[in-house]
Each structure stands twice: as C-alpha cells, then as structure tokens.
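Notes to accompany the following structure.
Values reported hereafter were calculated over all heavy atoms of this structure, with side chains retained and with hydrogens, waters and symmetry mates removed.
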Amino acid sequence: MGLDVEWAVRWLTLSAQAMADHRVELIDLDRAIGDSDHGENMDRGFKAVMDKLAEVPPATPGAALKLTAMALMSKVGGAAGPLYGTAFLRASTSLGDVPDIDPAALAAALQAARDGVVARGKAEPGDKTMVDAWTPAVEAAAAAAAEGGGDVLKVLLAAAEAAEAGAVATDPLIARKGRASYLGERSAGHRDPGAVSTALILRAAAGAAE
C-alpha cells in the first residue's frame with residue numbers, strides 16, 4: 001500500500017483537528033517557557049491550510065504539502081511558521097510529483113522535513129525544541145522503511161511513536177534555543193510545545209493511513 005493525495009489531505013485534516021483539540025494544551029505548555037502563542041498560532045495556521053485545500057484541491061501528495069507550507073508561512077507567527085513551513089516545503093520537494101508514496105520515499109520526505117527544520121532553526125537534538133521529536137521520528141521511520149515489506153503504515157507508526165517519546169524526553173532538558181533559552185535552568189521540568197505539536201502532526205499522518 002502506498003500513500004496518495006487522499007491520504008495527504010486526510011493527514012492535513014487530522015492535523016488541523018489535532019491543533020484545534022490541543023490548542024489550550026499547547027498554549028499552556030508555551031506559557032511556561034515561551035510566549036503562550038504556540039497553540040493559537042498552530043490552530044490558526046492549520047485552519048488556513050484547510051481553507052487553501054478547499055480552494056485549490058491538490059493533485060499529488062507533494063502539491064498538498066507545498067500548499068500547506070505556503071499557508072503556514074503566511075499565517076503562523078513566531079518561529080513555528082518558518083520552521084513548519086520549511087519542513088513541509090522540503091518534504092514536498094523531496095516527493096516531487098509522484099502520485100503514490102512508498103516507504104523509502106516517505107522516510108526520505110520525513111528526513112527532508114527534519115533537515116529543513118534544522119537548517120532554519122539551527123537546533124540540534126538536546127536543545128529542547130521540535131528537533132527533539134523530529135530526529136527520533138526520522139530515525140525510526142528510516143529503520144522501519146529499511147525492514148522492507150512495503151508497509152507505509154508501519155513507517156508512519158514508528159515515526160509517530162518515536163516523536164511522542166522524543167517530546168516527553170524534552171521535560172528535563174534545559175532549553176538552548178529560542179525564547180525558552182532565556183529561562184536557563186528554569187526551563188527544565190517543562191515539555192517543549194514545538195516537540196508536542198510535531199508529535200501530534202506525525203500521529204495524524206499515521207492516523208490518516210490507518
């Protein structure tokens with residue numbers, strides 16, 4: 001089984017639902033170590049994605065992700081807009097115009113997304129950012145794809161589970177990037193909101209394939 005444009009639209013729809021459902025949670029997480037706007041920004045951004053999908057139905061998964069990138073860059077404030085916009089844009093470029101995504105292409109697209117986040121934000125694993133969710137997700141996806149069997153769902157589930165564990169693992173970290181880094185050691189004991197929203201988006205990707 002591959003992943004087509006209908007999966008991509010389902011993924012983005014479930015992501016929008018997740019951002020709406022977890023808006024207050026993300027606001028609360030960001031209030032502790034940031035400026036409390038992450039939930040509001042992500043909810044607004046994915047509502048804009050839904051509007052764009054309704055206006056211009058994409059023909060391929062890559063086109064859907066490019067449209068998402070543009071909507072997030074234009075509507076999401078703070079660091080999240082450029083970071084997520086770059087992630088979706090790099091994933092879109094990685095996929096190109098293929099109508100159907102296989103496990104290897106999926107793993108490569110996820111890596112391209114993570115690499116885009118790293119290039120844009122200059123964060124590394126351990127800095128208490130969304131990279132702490134993206135990096136284990138990419139590694140787990142690559143391992144699942146390498147096992148073969150042609151199962152894209154297995155790749156997505158591995159990525160989602162690793163991202164969720166990565167988000168939890170940000171709790172004890174001291175932030176070294178972004179607004180949270182101003183708090184120094186006081187940032188420890190709080191979960192990074194960007195890592196949580198990354199885990200929600202990757203869980204939505206798996207849910208869309210189930």
Side-chain donor/acceptor of [X] to backbone N/O of [Y], under 3.5 Å:
{"X": "Asn41", "Y": "Val76", "answer": "no"}
{"X": "Asp127", "Y": "Lys177", "answer": "no"}
{"X": "Arg10", "Y": "Ala208", "answer": "yes"}
{"X": "Ser92", "Y": "Gly62", "answer": "yes"}
{"X": "Arg44", "Y": "Lys75", "answer": "yes"}
{"X": "Asp192", "Y": "Gly194", "answer": "yes"}
{"X": "Ser15", "Y": "Ala204", "answer": "no"}
{"X": "Ser94", "Y": "Arg90", "answer": "no"}

With rounding to the nearest 0.5 angstrom, report the NE2 to NE2 distance, His22 to His38.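 Here the interatomic distance stands at 12.0 Å.
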Please, which pairs that meet salt bridge (Lys or Arg N to Asp or Glu O under 4.0 Å) have at least one residue in residues 128-146, sequence neighbours excluded?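 As it turns out, there is no salt bridge (Lys or Arg N to Asp or Glu O under 4.0 Å) pair with a partner in residues 128-146 once direct neighbours are skipped.
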Check whether any side-chain heavy atom of [X] lies under 4.5 Å from a side-chain heavy atom of [Y], and answer yes or no.
{"X": "Asp171", "Y": "His190", "value": "no"}
{"X": "Leu183", "Y": "Ile174", "value": "no"}
{"X": "Thr68", "Y": "Tyr84", "value": "no"}
{"X": "Met50", "Y": "Leu12", "value": "yes"}
{"X": "Pro82", "Y": "Met73", "value": "no"}
{"X": "Met19", "Y": "Leu26", "value": "yes"}
{"X": "Leu72", "Y": "Val49", "value": "yes"}
{"X": "Ile201", "Y": "Phe88", "value": "yes"}

Leu53 with Leu3, same ILVMFWY side-chain cluster at under 4.5 Å: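 Shared cluster, yes.
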Could you see if Ile27 belongs to whatever hydrophobic cluster contains Leu200? Use Ile, Leu, Val, Met, Phe, Trp, Tyr and a side-chain cutoff under 4.5 Å.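 Ile27 and Leu200: separate clusters.
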Kindly determine whether Trp11 and Phe46 satisfy ring-ring contact (aromatic ring centres under 6.0 Å, His included), including the steps that lead there. CA-CA 11 Å; Trp11 172 22; Phe46 272 92; 8.8 Å; no
Distance-only donor-acceptor pairs under 3.5 Å for side chains of residues 104-125, two or more places apart:
unit_1	atom_1	unit_2	atom_2	d
Arg114	NH1	Thr135	OG1	3.3
Arg120	NH1	Thr86	OG1	3.4
Lys122	NZ	Ala119	O	2.6

Would you check, one step at a time, whether the test side-chain contact (heavy atoms from CB on, under 4.5 Å) holds for Val98 with Thr60? CA-CA 7 Å; Val98 296; Thr60 63; over 6 Å; no
Asp51: partners by salt bridge (charged side-chain N to carboxylate O under 4.0 Å, His left out), with sequence neighbours left out: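 Counting only residues at least two positions away or on another chain, Asp51 forms no salt bridge (charged side-chain N to carboxylate O under 4.0 Å, His left out).
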Step by step, work out the side-chain contact (heavy atoms from CB on, under 4.5 Å) result for Arg203 and Glu164. CA-CA 8 Å; Arg203 177 57 67 184; Glu164 287 161 356; 2.8 Å; yes
